[in-house]
Participant: 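Quick one: structure below, then a few questions.
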Protein chains: 2
Amino acid sequence: MQNQTLASQWLLSLQKSGCRITSARNIIVEELTCAQRALEPADLYALCRKKDPHLGLVTVYRTLEQLESLGLIQRVHRSDGCHMIMRKNDGHEHLLICTSCGKTVSFQGDHLELLFDRVALETGFSVEDHMLQLFGLCPECRANAQE
Amino acid sequence: MQNQTLASQWLLSLQKSGCRITSARNIIVEELTCAQRALEPADLYALCRKKDPHLGLVTVYRTLEQLESLGLIQRVHRSDGCHMIMRKNDGHEHLLICTSCGKTVSFQGDHLELLFDRVALETGFSVEDHMLQLFGLCPECRANAQE
DNA sequence: ATGTTAATTGAAAATGATTATCATTACCAA
DNA sequence: TTGGTAATGATAATCATTTTCAATTAACAT
Ligand SMILES: [Mn+2]
Ligand SMILES: [Mn+2]
Ligand SMILES: [Zn+2]
Ligand SMILES: [Zn+2]
C-alpha cells in the first residue's frame, strides 16, 4: 500500500535525523501521509485521538515542527488564515486547493522562469524563490454546485 | 505628492463605506500608504505612536480590518509567518519581497492562464483564483551581499 | 455656533493558538 | 535486561488578536 510506504519513509527520515520511533509519531505520521486535505493542528489532533485518546496536543505541535524542518510538510496559505499543513511530495510542486471541501492536490511545471527574468529586469531585484497556490473547486464540489 | 493622494483616496473610500474620518485613521492610513515594506500590526502600531503616542493597538487592528474589507491591503505570506500586510494597488498584481530587508514591490502580468487550463484538465478541478509571490533580494541588499 | 446622536476610541479583560516547563514514561543501544 | 536519555502529556505561560464597555468625538441638523 502506497500510504504505508510513505509513512514508513517519513518515520525513517525522522529516525535518520536522530528521533526515536514512538507510537505517538506513528499515529501522527500515518494521519498526515494519508490525508487528502490540508489539516489544522487541532484537526490532526482530533484525528489522532481517535486512534489513541491519550495522545497530547503538544506532541502534535512538536512532531509538526520536526516534519517541517525535514521538509516533509508545508504550510497552506489562504486569505483567511495560514495555519493548515499538507504533506509535501518530492521535488518542486505547488498546491491546488478546493475552496469548498478543502481537498488538496499538487502539480508541477509552472514554467515561471520567463516571468522571473522579466520582473527581475523591471525591479532590479534578484528572484530567488516563489510561492504559488491555486484555488478552485474539486470535481465533487463542482457536481454538487451544478444541480 | 503621490502618497498624499493615495492616502486621501483611502480615506475617501473609508468615508464612502460609512466610516468617519478620525485622527487615528488619518495616521494609520498615512503610514500604510507610504510604507515601502510589509508591516506587522505591531510594527504599524509603533510607527503610528510616533505621531500620536496615545493611539491604541486595538484601533490599528480595527482599521486594518476595514481596509482589508475594502480590498485596499493584502496579507503577505512567508514561510516563517503570514501576519504582515501591504497596500494593494488597483488591479490584479503580485508581490516581490526582499528576504533580507523586507522591501516589497508589486508586478503584474503573470500570464498563468495556460497553466490554469492544464492543471484544470489534469485534476478535474476548476481553477478560480491563485496566489503568487516572489522572493529575492532588492538592489541595495544585493550590493551589500556582493562586497 | 451649538446641540444631538451614533460611530469611534482606548483601557482592560477575554479568548484562542502556540510554546515552555517539568516530572514521568518509554525507546533503544549496549 | 538495563541505563541513559529522548519523548511524552499535564499544566502553566506566552503571544497575538478579539471582545467589552464607558468615555469621547465626528458628522449632521438645527
Ligand atoms: Mn514553482
Ligand atoms: Mn496573477
Ligand atoms: Zn500565508
Ligand atoms: Zn532588501
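Predicted model only: the values in this text are computed from it and were never measured. Sequence lines set the chain letters: A, B, ... in the order given, protein chains first and strands last, and positions in each chain run from 1.
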Participant: Go through the structure and list residues passing salt bridge (charged side-chain N to carboxylate O under 4.0 Å, His left out) with Arg78(A), not counting sequence neighbours.
Facilitator: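 For Arg78(A), the residues satisfying salt bridge (charged side-chain N to carboxylate O under 4.0 Å, His left out) (neighbours in sequence not counted) are Asp80(A).
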Participant: Between Asp43(B) (CG) and dA16(D) (P), how many Å, whole number?
Facilitator: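 Taking CG of Asp43(B) and P of dA16(D), I get 11 Å after rounding.
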Participant: Not counting sequence neighbours, which residues clear salt bridge (charged side-chain N to carboxylate O under 4.0 Å, His left out) with Asp90(A)? List them please.
Facilitator: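 Salt bridge (charged side-chain N to carboxylate O under 4.0 Å, His left out) list for Asp90(A), sorted by chain: empty.
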Participant: Looking at DNA chain D, which of residues 76-87 of chain B put a heavy atom within less than 4.0 Å of it?
Facilitator: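 Residues of residues 76-87 of chain B under 4.0 Å from DNA chain D: His83(B).
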Participant: Tell me: CD of Glu40(A) to C1' of dG16(C), nearest whole Å?
Facilitator: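 After rounding, the reported distance stands at 12 Å.
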Participant: Within the side chain of Arg75(B), is there an N or O that forms a donor-acceptor pair under 3.5 Å with the backbone of Cys82(B)?
Facilitator: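 Yes, because the side chain of Arg75(B) sits within donor-acceptor range (under 3.5 Å) of the backbone of Cys82(B).
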Participant: List for me each residue that meets salt bridge (charged side-chain N to carboxylate O under 4.0 Å, His left out) alongside Arg37(B), sequence neighbours excluded, and say none if there are none.
Facilitator: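 Per chain and number, Arg37(B) pairs via salt bridge (charged side-chain N to carboxylate O under 4.0 Å, His left out) with no residue.
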Participant: Measure from CD1 on Ile21(B) to C1' on dT25(D) and round the result to the nearest Å.
Facilitator: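 From Ile21(B) CD1 to dT25(D) C1': 14 Å.
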Participant: The criterion is side-chain hydrogen bond (donor to acceptor under 3.5 Å, both in side chains); which residues satisfy it with Glu68(A), sequence neighbours excluded?
Facilitator: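 Glu68(A) satisfies side-chain hydrogen bond (donor to acceptor under 3.5 Å, both in side chains) with no other residue.
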Participant: For the pair made of CG in Leu14(B) and P in dA27(D), what is the distance, rounded to whole Å?
Facilitator: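 It is 11 Å, rounded to the nearest whole Å.
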Participant: I need the full list of salt bridge (charged side-chain N to carboxylate O under 4.0 Å, His left out) pairs touching residues 111-129 of chain B, with sequence neighbours left out, sorted by first then second residue.
Facilitator: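 Non-adjacent pairs meeting salt bridge (charged side-chain N to carboxylate O under 4.0 Å, His left out): Arg118(B)-Glu122(B).
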Participant: Quick one: Leu64(A) CG to dA17(C) P, roughly how many Å, whole number?
Facilitator: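 From Leu64(A) CG to dA17(C) P: 15 Å.
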Participant: Between protein and nucleotides 8-11 of chain C, what N or O pairs are separated by less than 3.5 Å?
Facilitator:
from	atom 1	to	atom 2	distance (Å)
dT8(C)	OP1	Arg20(B)	N	3.0
dT8(C)	OP1	Arg25(B)	NH1	2.8
dT8(C)	OP1	Arg25(B)	NH2	3.4
dT9(C)	OP1	Thr22(B)	OG1	2.6
dG10(C)	OP1	Gly56(B)	N	3.3
dG10(C)	OP2	Gly56(B)	N	3.3
dG10(C)	OP2	Thr59(B)	OG1	2.0
dG10(C)	N7	Arg62(B)	NH2	2.5
dG10(C)	O6	Arg62(B)	NH1	3.2
dG10(C)	O6	Arg62(B)	NH2	3.4

Participant: Quick one: which residue pairs count as a side chain to side chain donor-acceptor pair (under 3.5 Å) with a foot in residues 50-59 of chain A, not counting sequence neighbours?
Facilitator: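 Side chain to side chain donor-acceptor pair (under 3.5 Å) check on residues 50-59 of chain A returns Glu31(A)-Lys51(A).
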Participant: Listing request: all ring pair (Phe, Tyr, Trp, His ring centres under 6.0 Å) pairs with a residue in residues 128-147 of chain A, at least two apart in sequence or in separate chains.
Facilitator: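 Qualifying pairs: His92(A)-His130(A), His94(A)-His130(A), Phe116(A)-His130(A).
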